[in-house]
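Structure, as structure tokens:
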Amino acid sequence: MTTVRPDADPWAAPQRAVVPPFAVIPGAQVQRALQGREPEVVELVESAYRLHCAGDSVNPASYFLRFPDRPSSRIIALPASIGGGLRVDGLKWISSFPDNVAAGIPRASAVLILNDHDTGYPFACLESSIISAARTAAFAASAADWLTRARRRPARVGFFGAGLIARYIHTFLSRTGWSFSDIGVHDLSPRSASGFQGYLERSEPTARITVHASAEPLIRSSDMLVFATTASRPHVEDVTWFQHNPLVLHVSLRDLVPEVLLAATNFVDDVEHCLKADTSPHLVEQLTGSRRFLRGTLGDVMAGRATVPTDEPVIFSPFGLGVLDLAVGKYVYDEIAASGELQVIDSFFHELRRHG
Ligand SMILES: NC(=O)c1ccc[n+]([C@@H]2O[C@H](COP(=O)([O-])OP(=O)(O)OC[C@H]3O[C@@H](n4cnc5c(N)ncnc54)[C@H](O)[C@@H]3O)[C@@H](O)[C@H]2O)c1
């Protein structure tokens with residue numbers, strides 16, 4: 001993005017680098033750039049994840065800002081840098097305020113800042129709740145594919161928690177070739193369950209859709225389970241409910257007691273990231289003092305270093321990596337820039353002469 005060249009003489013007047021224009025990308029543009037591109041987004045997220053697994057990324061631990069006066073809420077900072085053909089740095093800054101839902105607005109809100117690789121200048125601020133939901137759903141769809149290659153593709157899916165992320169995951173699954181004979185739903189909120197049921201009836205008219213009033217029948221009747229609740233501590237305790245060996249996409253990370261994980265084969269996206277912040281895998285590590293309960297990462301499965309059993313429950317707990325947001329955010333930026341519709345804020349960076 002810059003035209004700066006290295007100077008032979010370090011004291012000579014430097015060549016001026018170009019300060020990139022600063023663009024603001026609203027949600028409507030983000031949605032237009034991503035809608036209908038689900039298979040492409042899954043591929044993109046998979047390649048970003050492979051770059052991360054190959055070490056071509058910097059993805060420090062997420063920083064959780066919590067509030068003593070609002071214990072259920074948080075804002076998380078996910079700084080990251082990715083190499084390969086993407087070569088972009090940035091930060092996702094995402095709020096989770098679960099009480100918003102009762103007040104009629106979404107739980108999560110977010111921005112993503114993209115920084116220029118060469119100058120460090122921020123060059124875009126994107127609405128990012130859609131990017132975050134899309135990368136989460138794309139990664140879940142990718143995991144569902146990789147983790148079921150050795151078994152019969154699940155035809156009965158259960159959604160535990162029926163909010164925005166559940167909807168995005170269903171959309172990404174169905175747009176990447178999945179179809180289901182039966183779809184089960186369970187949510188503590190009847191309103192969430194019936195809203196999601198309405199969405200499912202519109203988008204998958206041939207599936208049998210059942211709203212379950214309790215957890216057990218949902219789990220027992222699903223070959224694949226998607227946990228997307230806002231539970232802050234484990235509430236699913238009965239190991240026997242998983243005796244039929246389902247694949248569990250444990251996207252919300254804190255629903256299952258350690259015993260359920262200990263009776264299953266476990267994969268994560270990134271070990272260091274996932275064994276933090278009181279996730280269920282973190283609780284297992286605290287309980288057992290070991291990481292031996294982990295079979296590996298999804299990257300290990302993709303690279304053939306880990307096999308996925310068919311005769312045990314398989315639980316995938318993805319912490320969610322900032323590099324995936326960067327990859328999707330850069331894709332959105334490039335699409336909008338190519339369409340000529342970038343909304344640039346003139347003179348956003350203004351004080352550009354060092355000595356006036
Ligand atoms: N791992 C990742 O990469 C990643 C990325 C994005 C979101 N998430 C997580 O996904 C979860 C869902 O996000 P969302 O935007 O869909 O939230 P949302 O508020 O729209 O929906 C969550 C739903 O879960 C229900 N719920 C809460 N506790 C429950 C319980 N014990 N049993 C059944 N239902 C319960 C709520 O009633 C609500 O309808 C959040 O926990 C979020 O942090 C994870």
Side-chain angles (χ1 to χ4, degrees), residues 45 48-49 52 59 62 64 66 72-76 78 80 92 94-110 112 128-143 158-172 184-199 211-219 225-237 248-257 267-270 273-274 276-282 298 315-325 327-328:
V45 160
Y49 179 60
H52 173 71
N59 202 130
S62 303
F64 284 65
R66 297 186 191 276
S72 69
S73 301
R74 63 182 188 221
I75 312 181
I76 313 179
L78 291 84
K92 175 167 80 167
I94 182 161
S95 311
S96 171
F97 280 56
D99 294 347
N100 282 357
V101 173
I105 60 172
R107 173 192 64 84
S109 56
L112 175 69
S128 195
S129 67
I130 296 170
I131 289 170
S132 181
R135 70 83 151 129
T136 303
F139 199 55
S142 169
F159 288 91
F160 204 124
L164 183 100
I165 294 294
R167 169 163 69 85
Y168 265 74
I169 291 177
H170 175 267
T171 301
F172 268 79
V185 178
H186 169 64
D187 197 295
L188 288 183
S189 148
R191 213 156 143 237
S192 292
S194 75
F196 187 52
Q197 181 184 20
Y199 153 80
V211 172
H212 297 275
S214 62
E216 181 178 357
L218 174 83
I219 293 176
L225 280 149
V226 176
F227 279 85
T229 74
T230 40
S232 56
R233 61 184 63 88
H235 52 98
V236 174
E237 300 177 347
V248 181
L249 302 175
H250 188 207
V251 176
S252 37
L253 296 164
R254 296 176 184 86
D255 300 278
L256 306 173
V257 296
F267 293 99
V268 295
D269 52 351
D270 180 294
H273 281 257
C274 203
K276 280 203 173 77
D278 291 337
T279 62
S280 296
H282 189 203
L298 186 64
I315 301 177
F316 177 57
S317 303
F319 194 77
L321 298 166
V323 290
L324 306 187
D325 296 285
V328 176

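Atoms within a ligand are numbered from 1 in the order they appear, just like the ligands themselves. Worth knowing before you read on, the calculation uses all heavy atoms, side chains too, and leaves out hydrogens, waters and symmetry mates.
- Among Ile169, Thr229, Asp255, the residue whose heavy atom sits closest to atom 24 (O) of ligand 1 is Thr229.
- Using a 4.0 Å cut-off between heavy atoms, Arg135 contacts ligand 1 through its side chain alone, with no backbone atom that close.
- Checked against a 3.5 angstrom limit, the closest N/O atoms of His186 and ligand 1 fall outside it.
- If you check which protein heavy atom lies closest to atom 27 (C) of ligand 1, you get Thr230 OG1, 3.2 Å.
- In terms of modelled atom types and a separation under 3.5 Å, the side chain of His186 and the main chain of His212 share a donor-acceptor contact.
- At distances below 3.5 Å, at least one donor-acceptor pair connects side-chain atoms of Ser280 with backbone N or O atoms of Leu256.
- Closest to atom 17 (O) of ligand 1 among all protein heavy atoms lies Arg107 NE, 3.0 Å.
- For atom 10 (O) of ligand 1, the closest heavy atom belonging to the protein is Ile165 CG1, 4.0 Å.
- Residue contacts with ligand 1, taken as heavy atom pairs separated by less than 4.0 Å, do not involve Phe139 at all.
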request  = Could you give me the CA-CA distance, side-chain angles and deciding distance for Asn59 and His52, then say whether side chain to side chain donor-acceptor pair (under 3.5 Å) is met?
outcome  = CA-CA 8 Å; Asn59 202 130; His52 173 71; 4.6 Å; no
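- By the 30° and 60° cut-offs, the orientation of the rings of His273 relative to Phe319 is tilted.
- Using a distance-only test at 3.5 Å, with no hydrogens or angles considered, a donor-acceptor pair links the side chain of Asp187 to the main chain of Ala162.
- Residue-ligand proximity, His235 to ligand 1, at heavy-atom distances under 4.0 Å covers atoms 30 (C), 31 (N), 32 (N).
- The shortest contact between atom 12 (C) of ligand 1 and any protein heavy atom is with Ala228 O, 3.4 Å.
- Less than 4.0 angstrom separates some heavy atom of Arg74 from each of these atoms of ligand 1: 43 (O).
- The nearest protein atom to atom 44 (C) of ligand 1, hydrogens excluded, is given as Val251 O, 3.3 Å; this is a heavy-atom distance.
- At the shortest separation from atom 37 (O) of ligand 1 among protein heavy atoms lies Asp187 OD1, 2.6 Å.
- Contact atoms of ligand 1 toward Val101: 19 (O) (distance under 4.0 Å to a heavy atom of the residue).
- Ser96 does not count as a contact of ligand 1, since none of its heavy atoms falls under 4.0 Å from the ligand.
- Scored by the side chain to side chain contact (heavy atoms under 4.5 Å, CB included) test, Val211 finds Val185, Ala193, Gln197 as partners (sequence neighbours excluded).
- The nearest pair of heavy atoms linking Ser132 to Lys92 is OG-NZ, 2.8 Å.
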query = Does the pair Tyr168 and Ile130 meet the rule for a side chain to side chain contact (heavy atoms under 4.5 Å, CB included), with working shown?
reply = CA-CA 9 Å; Tyr168 265 74; Ile130 296 170; 3.6 Å; yes
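- For the pair His250 (side chain) and Asp255 (backbone), a donor-acceptor distance under 3.5 Å is present.
- In the vicinity of Gly320, heavy-atom distances shorter than 4.0 Å reach the ligand 1 atoms 3 (O).
- Remark: Phe160 CZ to Phe227 CZ distance equals 5.0 Å, nearest 0.5 Å.
- In this structure, Arg254 contributes its side chain and Ala277 its backbone to a donor-acceptor pair below 3.5 Å.
- Every atom of ligand 1 is numbered from 1 in the order shown, and the set under 4.0 Å from a heavy atom of Phe319 is 1 (N), 2 (C), 3 (O).
- Under a 4.0 angstrom heavy-atom cut-off, Pro318 registers as being in contact with ligand 1.
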message = Walk me through whether Phe97 and Ile75 qualify under side chain to side chain contact (heavy atoms under 4.5 Å, CB included).
response = CA-CA 8 Å; Phe97 280 56; Ile75 312 181; 4.1 Å; yes
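- Ranking the protein heavy atoms by distance from atom 21 (O) of ligand 1 puts Gly163 CA, 3.3 Å first.
- If you look at Thr136 next to ligand 1, the close heavy atoms, those under 4.0 Å, all belong to the side chain.
- Under 4.0 Å from ligand 1, heavy atoms of Leu188 appear from its side chain as well as its backbone.
- Atoms of ligand 1 lying under 4.0 Å from at least one heavy atom of Phe160, given by number and element, are 32 (N), 33 (C).
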